[in-house]
2 protein chains.
Amino acid sequence: MTKNVRRSTIADVARQAGVSKATVSRFLNHRDTLLSPEIARRVEAAIAQLGYSPSPMAQALKRGRSRLIGLVVADITNPFSVAVLRGAEQACREAGYLVMLFNMGNEGDRESAGLQALSSYKVEGFILNTTGHDPGAALEAARQGKPIVLVDRRHEGLNVDFVSLDNQHAIALSCRHLLGAGYRELMLITEPLDKVSARIERKQAFHDFVQTHADEVSGCDVEAQDQTGLIEALKALRGRAAVATTGCPGGGVPAVIAANAVVTLRVIEAVAQLGWRLGHEIGLLGIDDTPWAPYIGPGISTVAQPTTELGRLTAHCLIQRLQGLDGPARQMLLKGKLMVRGSTRTGRGAEPA
Amino acid sequence: MTKNVRRSTIADVARQAGVSKATVSRFLNHRDTLLSPEIARRVEAAIAQLGYSPSPMAQALKRGRSRLIGLVVADITNPFSVAVLRGAEQACREAGYLVMLFNMGNEGDRESAGLQALSSYKVEGFILNTTGHDPGAALEAARQGKPIVLVDRRHEGLNVDFVSLDNQHAIALSCRHLLGAGYRELMLITEPLDKVSARIERKQAFHDFVQTHADEVSGCDVEAQDQTGLIEALKALRGRAAVATTGCPGGGVPAVIAANAVVTLRVIEAVAQLGWRLGHEIGLLGIDDTPWAPYIGPGISTVAQPTTELGRLTAHCLIQRLQGLDGPARQMLLKGKLMVRGSTRTGRGAEPA
DNA sequence: TTGTATGCGTTATCAA
DNA sequence: TTGATAACGCATACAA
């Protein structure tokens, strides 16, 4: 009713229960040991009556720990980041942690600033989905023994738990599917590598596959900068495919693997501009499933990442470390799932339109 | 080099500068008044040497303020929420605030839990994008004088600053466009209203428009629950349109307004299942622009919300309140922007395929 | 203009 | 088993 709504403190509880603050604190933190049942009851009642709950701030000041987890993400615009964030936030919350968010908005050099800001709030650990271009503060945090878990992107020089899609597997899965669908001329399109580990790994995996299947396919890759470059690359690809594989089933139709959802959309745009039809003049398979993938043209084939799982797993790793788990850095790679749709249905078994 | 990396405190600075802690604190907080230049220099040097920065936690404990802003969002899965979050986080960061995130994952009854968790960290104010089904804690916070700003969704009984798309304008814009394109039979499809103000307002605005233009159009609305219900509604709509407007230019083609991006996707799916072509057998206009809208079928016409702006504006409102701005609750409605694409190009002036 | 002392809400170290 | 009491890092009323 009145205006004075000061949250009750440990002192209030102590007074109400007729004991000392120390006793209340003990009840809270070491309930099991050292407590006469009678006093315990009184304290418990007082806490209930006053609706008391300890101030995390004061606890943080005293203990140096805060029940806070810092989450810094390179670009919250990226739907993949959001999906991970979602899983991680949920898992943290369930474990009694709150998430402090720092979004770098793709300014790679602000990473240290973010970590420091978060550090000053005594976050207990970090989940990082960043480039690692600005690793100073991360190394510092690691050195101080603050647990860090990386999602999706490794940092070189930072040997900590790492959770990610199994990129090797995802690419192999994609390539095998395209092979099975009759495509013989493949191209991987990624954003500029820019030292982002996921991009590098996907490209490497693609190279590996093409190398070990050199008798069946040929492949190349492009780092898509601008839309005109992308269009040129696609034209060149189709030229090669026509020459190389005339007579094959599927008649010289090439296929593109888009290394993430952003690229997928750009390829879709380019193909539209060229007036080609997905699944006819060109095959397309995108890494990252999206809600709209089924409805573009004949449907876009994708490899779906288990995004929420990735987020949850990341949080769990961190929380285990927070609870004292020791041991070498772990690496947890989750498998992607192939979603076959119309954009890769040309070729063997399908009649060209 | 060594392991002991204790952040330096105000006491360290004081010792280093040969002054008292109080003096250092004064330098930090009241630099302008009360300071001999000589001492100021010494303190400043010491701070620089030690790389000192104050602990926000300790400050929060002392002042009751924390440079923290609590952001609670109904469902971070929703791209619109993310876009707003992005703008808000950015603006907060620029103003020296950090964001604590609480995602309710669409569990409407956890709102109070979120506010309380955030409150205990002494966040200075709240940005809410929630249903308001569980308003207890919000009312409590407001009563305590903690500023709250609502985005996109009003809470009844909570008379605070509110930032949103101008729903009335967006719907009128949509309707006028459809009218101009020759559509005469309109239908608004929303998610179940569920007391969500944005949905209610859009529906109301639609009714208003239809009423005041009763001589030109007829319209109805549907709350889409499941996919089969949606399909039935679409069939019925097309039936009505065929009967009502034979002979009209555009020949009895109806149009649908999808009240948000989620609904848009569901309509797209339903239309695909019916084997209709967007822009031919049916018109479609969605509220919320998305990166994929141009590439579905002939392109989906949309009304784009200025999402980042909404987020930034929301944060600015809150920060103004934090800086002491008084006065009645404000309402800031931003205009949406019409993006015309192929899904609404049938009708007058366009020849049916 | 500067320093001393106190308290913010906890936890932890001592005695009792 | 419990209770004073001293920190944690900072801001401020008061004294100097």
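Below, chain A is the first sequence line, B the second, and so on; all start at residue 1. Bear in mind the structure is a predicted one, so any value in this text is a computation, not a measurement.
Across all strands, A:S53 comes closer than 4.0 Å only to sugar-phosphate atoms, never to a base (heavy-atom distances). Backbone-only contact: A:T9 has heavy atoms under 4.0 Å from sugar-phosphate atoms and none from a base. If you check every strand for non-hydrogen atoms under 4.0 Å, B:V19 touches sugar and phosphate atoms only.
Taking the side chain as every heavy atom from C-beta outward, B:R7 and B:S53 approach each other to under 4.5 Å.
At a cut-off of 3.5 angstrom, counting only N and O atoms as typed in the model, there is no donor on one side facing an acceptor on the other between the side-chain of A:R7 and the base of C:dG9. Side-chain to base pairing of B:K62 with C:dG7: one donor and one acceptor N or O lie within less than 3.5 Å of each other.
One interatomic measurement links the two molecules: CG of B:L28 to C1' of D:dC10, which rounds to 10 Å at whole-angstrom precision. The interatomic distance linking A:F27 (CZ) with C:dT10 (P) rounds to 15 Å, in whole Å. Atom pair B:R67:CZ and D:dG9:P shows a separation of 21 Å (rounding to whole Å applied). Nucleotide D:dT1 holds its C1' atom 8 Å from the CG atom of A:L35, rounded to whole Å. In this structure, B:R63 places its CZ atom 13 Å from P of D:dA13, rounding to the nearest Å. Rounding to whole angstrom units, CZ of residue B:R31 and P of C:dT1 are separated by 16 Å. As rounded to whole Å, 16 Å separates atom P of D:dC10 from atom CZ of B:R65. Here the P atom of nucleotide D:dG9 and the CG atom of B:L50 are 14 Å apart, to the nearest Å.
Comparing B:G18 and B:A58 by the nucleotide of DNA chain C whose heavy atom lies nearest to each, the residue mapping closer to the 5' end is B:G18. For A:A22 and A:L61, each mapped to the nucleotide of DNA chain C holding its nearest heavy atom, the one lying further toward the 5' end belongs to A:L61.
Phosphate proximity of C:dT10 to A:Y52: present, with a side-chain N or O under 4.0 Å from OP1 or OP2. A:Q59 has no side-chain polar atom (N or O) that falls below the 4.0 Å cut-off from OP1 or OP2 of C:dG9. For D:dT1, the OP1/OP2 oxygens have no side-chain nitrogen or oxygen of A:S36 closer than 4.0 Å. Contact between the side-chain N/O atoms of A:H30 and the OP1/OP2 oxygens of C:dA12 is found at a separation under 4.0 Å. The phosphate of C:dG9 (OP1 or OP2) has no side-chain N or O of A:S55 nearer than 4.0 angstrom.
A salt bridge links A:R321 to A:D161: at least one charged side-chain nitrogen sits closer than 4.0 Å to a carboxylate oxygen. Looking at A:E44 and A:R41, no side-chain N of the basic residue comes within less than 4.0 Å of a carboxylate O on the acidic one, giving no salt bridge.
With D:dA4, C:dT2, D:dC10 as the choices, the nucleotide that has an atom nearest any side-chain atom of A:R26 turns out to be D:dA4. Looking at the side chain of A:K21, the nearest of the listed nucleotides D:dA6, D:dG3, D:dT1 is D:dA6.
Judged by a 6.0 Å distance limit and a 45° cone about the ring axis, B:R330 is not positioned over the six-membered ring of B:F162.
Counting only distance, with no hydrogens or angles, the side chain of A:S164 and the backbone of A:L333 share no donor-acceptor pair below 3.5 Å.
Among B:T307, B:L85, B:L165, the one residue that satisfies the side-chain contact (heavy atoms from CB on, under 4.5 Å) test with B:F80 is B:T307.
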